[in-house]
Amino acid sequence: MVVLTVGKSYIDIDGYASGIAYRELLTMQGISVKFVSNAVTNSSVTKSLLNLPYGIDDYKVNSDDKFILLDFSNPNFIPEFVDIGKVIEVIDHHPGYEDYWDNSVIEEIGAVATIIVERYQKCGLLNKMKKEIALLLMAAILDNTLNFTAKITSDRDRNAYKLLQDISKEYNFAEKYFLECQKCIEADLKTSINNDMKIEYVNDIIPDVFGQLTIWDIKKILDNKSEIYSIMNSYGNKWIINIISLKDNISYILYSDSIVKSKLEKLFNCRGEDYLIIKPALIRKEVMKKAKEVI
Ligand SMILES: [Mn+2]
């Protein structure tokens with residue numbers, strides 16, 4: 001048996017969709033394969049995607065099984081049931097461990113899902129892909145590329161997404177998918193902010209407490225500013241939070257006080273009232289990088 005698996009800490013939609021889609025492809029090719037993981041799915045795997053008639057297999061690993069690792073290559077994230085000597089392939093897009101593996105495909109690309117789409121294409125089996133599988137892979141590409149705005153996005157991701165659109169016939173899926181993610185965030189703003197909180201000293205420009213939320217449409221969230229303030233204030237009196245609104249590709253940066261505000265205005269060379277508006281949107285990593293370059 002070939003066992004596909006993902007990193008042990010949590011499963012995001014890229015690992016989830018890639019595991020399911022690659023299992024279907026290998027099965028079509030006559031290979032016995034299961035997709036196995038004990039990790040929990042995070043909020044990028046939405047309820048409606050979890051409800052599709054595909055999922056993780058209930059399977060106990062045997063000593064003669066071989067393993068394929070998807071969407072991770074860092075050996076620290078290998079699940080306990082994987083025998084590292086029996087890993088036959090690693091497909092990932094996080095750089096750093098290319099030399100560690102003999103059979104690795106670690107590419108600078110938006111999503112592992114894109115590589116899986118290309119494998120269907122190479123085998124001439126794209127026309128056999130089910131609509132539900134196409135939807136899962138579309139969500140993976142959307143999430144991992146931040147709706148094609150992240151720097152890591154490549155033309156391969158855009159091409160794969162087009163092929164998947166033709167299979168699923170869903171031409172308005174980005175809005176649908178991200179609105180469902182947003183609903184989850186709005187339903188429990190506190191958990192969503194807590195689960196994506198970075199506390200790290202960068203320098204005097206940026207507070208240590210740096211939150212981030214990725215949503216589709218900013219409006220409702222801004223109506224709820226007071227709740228965001230109270231959640232962020234529980235981390236201390238100096239903070240910022242970057243709220244990425246994908247619909248308009250804008251970062252809305254909220255801050256704890258006027259001192260932080262004026263430092264950010266200087267950094268971004270713009271003026272804010274209750275928040276800064278930055279277009280195109282920046283992810284947290286990019287804001288930190290910009291702050292480091294100043295000093
Ligand atoms: Mn990924």
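In this structure, D196 and R284 approach most closely via the heavy-atom pair OD1-NH2, 2.7 Å. Smallest separation of non-hydrogen atoms from A111 and N144: CB-CB, 4.0 Å. The minimum heavy-atom distance linking A113 with A140 is given by the pair CB-CB, 3.6 Å. Considering all non-hydrogen atoms of both residues, I109 and I152 come closest at O-CD1, 3.3 Å. Closest approach of I167 and M129 over heavy atoms only: CG2-O, 3.5 Å. Scanning both residues, D71 and D92, for their nearest heavy atoms gives C-OD1, 3.1 Å.
The shortest distance between side-chain heavy atoms of N237 and S256 does not fall below 4.5 Å. Side-chain contact between L179 and Q182 is present, with at least one heavy-atom pair separated by less than 4.5 Å. Within the 4.5 Å cutoff, no side-chain heavy atoms of I68 are placed close to those of T5. Side-chain contact between L146 and T214: present, with at least one pair of heavy atoms (C-beta onward) separated by less than 4.5 Å. Looking at heavy atoms from C-beta onward, I56 lies out of side-chain contact with V36 at the 4.5 angstrom threshold. V82 is listed as a side-chain neighbour of V87, based on a closest heavy-atom distance under 4.5 Å. Here the side chains of Y120 and V117 are not in contact, with every heavy-atom distance at 4.5 Å or above. Contact check for L4 versus F67: no side-chain heavy atoms found under the 4.5 Å cut-off.
Within a 6.0 Å radius of CG in D58, no more than 12 heavy atoms belonging to other residues, nucleotides or ligands are found. In K279, the NZ atom is crowded: over 12 heavy atoms of neighbouring residues, nucleotides or ligands sit closer than 6.0 Å. Other residues, nucleotides and ligands contribute only 12 or fewer heavy atoms inside 6.0 Å of the CD atom of E273. More than 12 heavy atoms of other residues, nucleotides or ligands lie within 6.0 Å of CG in D64, so this atom counts as buried by the packing criterion. Heavy atoms of other residues, nucleotides or ligands lying less than 6.0 angstrom from CZ of F268 number more than 12. Crowding of K266 atom NZ: a count of heavy atoms from other residues, nucleotides or ligands under 6.0 Å not exceeding 12.
Note that OH of Y177 is 12.0 Å distant from CH2 of W216, once rounded to the nearest 0.5 Å. To the nearest 0.5 Å, the span separating CD1 on I193 from CD1 on I231 amounts to 4.0 Å. Between atom CD of residue E200 and atom CZ of residue F210 there is a gap of 10.5 Å, rounded to the nearest 0.5 Å. To the nearest 0.5 Å, atom CG of residue N147 and atom CG of residue L246 are 5.5 Å apart. Rounding to the nearest 0.5 Å gives a distance of 8.0 Å between CD1 of I115 and OG of S18. To the nearest 0.5 Å, atom CG of residue L264 and atom CG of residue N269 are 12.5 Å apart.
Relative ring orientation between Y100 and Y97 is described as perpendicular, the plane-to-plane angle rising above 60° on a 0-90° scale split at 30° and 60°.
Salt bridge annotation for D65-K34: absent, with no cationic side-chain nitrogen under 4.0 angstrom from a carboxylate oxygen. In summary, E89 and K66 do not engage in a salt bridge, as defined by a charged side-chain N under 4.0 Å from a carboxylate O. A salt bridge between D257 and K238 is present, with a side-chain N of the basic residue lying under 4.0 Å from a carboxylate O of the acidic one. Comment: E24 does not engage K128 in a salt bridge, judged by the lack of any side-chain N to carboxylate O separation of less than 4.0 angstrom. In this structure, K220 does not pair ionically with D223, as no charged nitrogen and carboxylate oxygen lie closer than 4.0 Å.
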Note to self: Could you walk me through whether N42 and S44 satisfy the side-chain hydrogen bond (donor to acceptor under 3.5 Å, both in side chains) test, starting with their C-alpha distance in whole Å, then the side-chain angles of each, then the deciding distance to 0.1 Å, before giving a yes or no?
What the structure shows: CA-CA 6 Å; N42 78 1; S44 68; 2.6 Å; yes

Next item on the list: Test side chain to side chain contact (heavy atoms under 4.5 Å, CB included) on K263 and L267 and set out the steps.
Entry: CA-CA 6 Å; K263 286 180 181 171; L267 181 66; over 6 Å; no

Margin query: Please determine whether side chain to side chain contact (heavy atoms under 4.5 Å, CB included) holds for the pair V294 and I205, giving the CA-CA distance in whole Å, both sets of side-chain angles, and the decisive distance to 0.1 Å.
Written below: CA-CA 9 Å; V294 174; I205 298 173; 3.8 Å; yes

Notebook entry, point to check: Do N242 and S251 pass the side-chain hydrogen bond (donor to acceptor under 3.5 Å, both in side chains) test, and can you show the C-alpha distance, the side-chain angles, and the key distance before you say yes or no?
Noted result: CA-CA 6 Å; N242 178 31; S251 270; 2.9 Å; yes

Next item on the list: May I have the step-by-step check of side-chain hydrogen bond (donor to acceptor under 3.5 Å, both in side chains) for N76 and N74, ending in yes or no?
Entry: CA-CA 5 Å; N76 296 323; N74 184 334; 3.2 Å; yes

Next item on the list: With side-chain hydrogen bond (donor to acceptor under 3.5 Å, both in side chains) as the test, would you mind laying out the steps for Y255 and D274 before giving the verdict?
Entry: CA-CA 8 Å; Y255 23 73; D274 290 346; over 6 Å; no

Checklist line | Stepwise side chain to side chain contact (heavy atoms under 4.5 Å, CB included) test for E170 and L135 | finding: CA-CA 8 Å; E170 285 272 2; L135 282 180; 3.6 Å; yes

Item checked: Verdict with supporting geometry, I218 and I243, side chain to side chain contact (heavy atoms under 4.5 Å, CB included) -> CA-CA 8 Å; I218 191 73; I243 307 176; 3.5 Å; yes

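Side chains of D248 and S245: a donor on one and an acceptor on the other come within 3.5 Å.
In this structure, the side chain of T46 does not engage the main chain of E180 through any donor-acceptor pair within 3.5 Å. For H94 (side chain) and F72 (main-chain N/O), no donor-acceptor pair under 3.5 Å exists by modelled atom type. With K247 contributing its side chain and I215 its backbone, the two residues share no donor-acceptor pair below 3.5 Å. At distances below 3.5 Å, at least one donor-acceptor pair connects side-chain atoms of D57 with backbone N or O atoms of F35. The backbone N or O of E118 lies less than 3.5 Å from no partner atom in the side chain of R156, so there is not a single donor-acceptor pair. Looking only at distances, a side-chain donor or acceptor of D157 sits under 3.5 Å from a matching main-chain atom of S154. N224 places no side-chain N or O within donor-acceptor distance of the main-chain N or O of E227, the cut-off being under 3.5 Å. With hydrogens and angles ignored, the 3.5 Å screen pairs no side-chain donor or acceptor of W239 with any backbone N or O of G211. Of the possible donor and acceptor atoms, one in the side chain of D12 sits under 3.5 Å from a partner among the backbone N and O of D14. Although no hydrogens or angles enter the test, the distance criterion places no donor-acceptor pair under 3.5 Å between the side chain of E98 and the main chain of S104.
Residues M232 and Y252 fall within the same hydrophobic cluster, defined by Ile, Leu, Val, Met, Phe, Trp and Tyr side chains chained together at heavy-atom separations under 4.5 Å. By the criterion of side-chain heavy atoms lying less than 4.5 angstrom apart, applied directly or through intervening Ile, Leu, Val, Met, Phe, Trp or Tyr residues, V6 is grouped together with I91 in one hydrophobic cluster. Note on L164: it clusters hydrophobically with Y16, by side-chain heavy-atom contacts below 4.5 Å among ILVMFWY residues. Hydrophobic clustering (side-chain heavy atoms under 4.5 Å, transitive across Ile, Leu, Val, Met, Phe, Trp, Tyr) keeps L142 apart from I185. The hydrophobic clustering, which links ILVMFWY residues whose side-chain heavy atoms are closer than 4.5 Å, places Y54 and L126 together.
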